[in-house]
Protein chains: 2
Amino acid sequence: MDTTDYDLENLPPDLSYEDFLQMLLPLRDSLDILGGKWKLQIIFSLKFGRKRFKEIQREIPGITSKMLSKELKDLEMNDLATRYVHNTAPITVEYELSEYGKTLKSVVIELYKWGSAHRKHITSK
Amino acid sequence: MDTTDYDLENLPPDLSYEDFLQMLLPLRDSLDILGGKWKLQIIFSLKFGRKRFKEIQREIPGITSKMLSKELKDLEMNDLATRYVHNTAPITVEYELSEYGKTLKSVVIELYKWGSAHRKHITSK
DNA sequence: CGGCATCCGGCGGGATACTG
DNA sequence: CAGTATCCCGCCGGATGCCG
């Protein structure tokens, strides 16, 4: 696989278009993981500790079980959240943000900072 | 308007859901501006200087004039790109990344860094 | 050349019902 | 309770054509 790391400040001038698209992949990964209607809300919900499926759903008005289930599976696939199944009757499942998931913090903060400054920039004209 | 800035590290525990959604808005702004199929490619294309409409389109295989036009208008609305119209026949139009647009750099780099590390994290399991 | 108008297909995602 | 299955609608975005 291709593990080339690019220095975004100084991209090689002879970068082929294919390599350019390769370079965009990690960027898209980040955007996909945080993008969409529900991802951020779920991630923030899990930031405050281990939660049951229904708890999360209650905290996020409007989300259907289908969407929540799909998004959680997504987070789990990306190793960002961990799923705990308990042999109770009826079954209960808990989710928590993984240690690795917490590495998202810096990106999220950066996005927030820029977005926040941007709102001011835009409304000041 | 609401210009409250939140400290994402220490969110007030009594944060109402409405305030929480408010807090997400800047994050969504950032994600919307960089997300989508073409935004990054266009931004990177403009990073290398002032370009004509057709030039950009040639550099981005597959993009239709409709999409390019829409995305550029979007960037312009957000003050990220500047449009220059020349009274030639036929008309020519140039675009360039605004000075303000360059402030995106830190966010983009952060997204790239995390996404890049994430690819390694995921493929190493 | 730089766009806008129109038509249209795919799909993200909502509503609802059902199951282990 | 924690999902899955089905149906369905809106809309993003592609294709094509036209216009100043």
Side-chain angles (χ1 to χ4, degrees), chain A residues 21 24 28-43 45-46 49-78 80-98, chain B residues 17 21 24 27-43 45-46 49-78 80-98:
Chain A
L21 291 185
L24 289 186
R28 298 209 183 285
D29 288 349
S30 304
L31 291 170
D32 287 348
I33 281 172
L34 296 173
K37 187 169 179 180
W38 303 112
K39 291 277 174 52
L40 284 174
Q41 292 191 63
I42 296 173
I43 289 171
S45 167
L46 293 183
R50 196 184 284 209
K51 299 258 176 68
R52 297 184 47 176
F53 188 89
K54 270 285 147 146
E55 281 182 83
I56 306 174
Q57 195 171 15
R58 264 192 303 271
E59 287 186 10
I60 307 179
I63 194 171
T64 62
S65 59
K66 170 186 166 186
M67 276 302 107
L68 181 54
S69 170
K70 184 179 144 299
E71 301 288 45
L72 284 170
K73 200 174 292 177
D74 225 50
L75 291 175
E76 205 194 347
M77 266 187 35
N78 281 301
L80 298 168
T82 317
R83 203 176 103 111
Y84 301 93
V85 185
H86 302 284
N87 295 336
T88 54
I91 187 177
T92 61
V93 180
E94 293 182 312
Y95 291 88
E96 82 179 349
L97 204 60
S98 69
Chain B
Y17 185 66
L21 290 185
L24 289 186
L27 274 163
R28 298 210 182 285
D29 289 348
S30 303
L31 291 170
D32 287 347
I33 281 171
L34 296 173
K37 187 169 177 180
W38 304 110
K39 292 278 174 51
L40 284 174
Q41 292 190 62
I42 296 173
I43 290 171
S45 167
L46 293 183
R50 196 183 284 210
K51 297 258 178 69
R52 296 185 49 176
F53 189 89
K54 270 282 146 138
E55 280 182 85
I56 307 174
Q57 194 171 16
R58 265 192 301 272
E59 286 185 11
I60 307 180
I63 195 171
T64 62
S65 62
K66 170 187 167 186
M67 276 302 106
L68 181 54
S69 169
K70 185 178 141 301
E71 301 288 45
L72 285 170
K73 197 175 293 175
D74 225 50
L75 291 176
E76 203 194 349
M77 267 186 35
N78 281 301
L80 298 167
T82 317
R83 202 176 106 111
Y84 301 93
V85 185
H86 302 283
N87 295 335
T88 53
I91 187 177
T92 61
V93 180
E94 294 183 309
Y95 292 89
E96 82 178 349
L97 204 61
S98 69

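Throughout, protein chains are lettered first and strands after them, A, B, ... in sequence-line order, and every chain is numbered starting at 1. When reading the values below, keep in mind they use all heavy atoms of this one structure, side chains included, and skip hydrogens, waters and symmetry mates.
Taking atom CD1 of I42(B) as the reference point, atom C1' of dG2(C) lies 14 Å away to the nearest angstrom. Taking atom CD of Q57(A) as the reference point, atom P of dA15(C) lies 12 Å away to the nearest angstrom. Rounded to an integer number of Å, the gap from K70(A) NZ to dA15(C) C1' is 16 Å. As a whole-Å value, the separation of M67(B) CE from dG2(C) C1' is 15 Å. Atom NZ of K66(B) is separated from atom C1' of dC7(C) by 9 Å (rounded to the nearest Å). Rounded to a whole Å, the NZ atom of K73(B) is 15 Å from the P atom of dG2(C). The CG atom of D32(A) sits 11 Å away from the P atom of dG13(C) (whole-angstrom rounding). In this structure, E71(B) atom CD and dG2(C) atom P are separated by 17 Å, rounded to whole Å.
Atom CG of L97(A) sits about 8.0 Å away from atom OG1 of T82(A), to the nearest 0.5 Å. In this structure, the separation between CD1 on I43(A) and CG on L34(A) is 5.0 Å, given to the nearest 0.5 Å. Within the model, atoms CD of Q41(A) and OH of Y17(B) stand 3.5 Å from one another, a figure rounded to the nearest 0.5 Å. Note: I63(A) CD1 to I42(A) CD1 = 4.0 Å, rounded to the nearest 0.5 Å. Summarising the geometry, atom CD belonging to Q57(A) is positioned 11.0 Å from atom OG belonging to S45(A); distances are rounded to the nearest 0.5 Å.
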Q.
side chain to side chain contact (heavy atoms under 4.5 Å, CB included), that's the test. Do K39(B) and I33(B) meet it? Break it down for me.
A. CA-CA 7 Å; K39(B) 292 278 174 51; I33(B) 281 171; 5.8 Å; no
Q: Applying side chain to side chain contact (heavy atoms under 4.5 Å, CB included), run through E59(B) and K51(B) and close with a yes or a no.
A: CA-CA 10 Å; E59(B) 286 185 11; K51(B) 297 258 178 69; 3.1 Å; yes
**Q.** L31(A) vs L40(B), side chain to side chain contact (heavy atoms under 4.5 Å, CB included): CA-CA, chis, key distance, verdict
**A.** CA-CA 11 Å; L31(A) 291 170; L40(B) 284 174; 3.8 Å; yes
Q) For S65(B) and F53(B), what are the C-alpha separation, side-chain angles and deciding distance, and is it a side chain to side chain contact (heavy atoms under 4.5 Å, CB included)? A) CA-CA 9 Å; S65(B) 62; F53(B) 189 89; 4.1 Å; yes
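Shown for residues 86-97 of chain A: residues whose heavy atoms fall under 4.0 angstrom of DNA chain D, namely P90(A), I91(A), T92(A), V93(A), Y95(A).
Each of I63(A) and E55(B) lies near DNA chain C, and the nucleotide nearest E55(B) is the one positioned closer to the 5' end.
In 5' to 3' order, the nucleotides of DNA chain D bounding all contacts with chain A (an atom under 4.0 Å from a heavy atom) are dC1(D) to dT6(D).
Judged by atom type and distance alone, S65(B) reaches the base of dC4(C) through a side-chain donor-acceptor pair under 3.5 Å.
Close to dC1(C), at under 4.0 Å from its OP1 or OP2, lies no side-chain N or O of R52(B).
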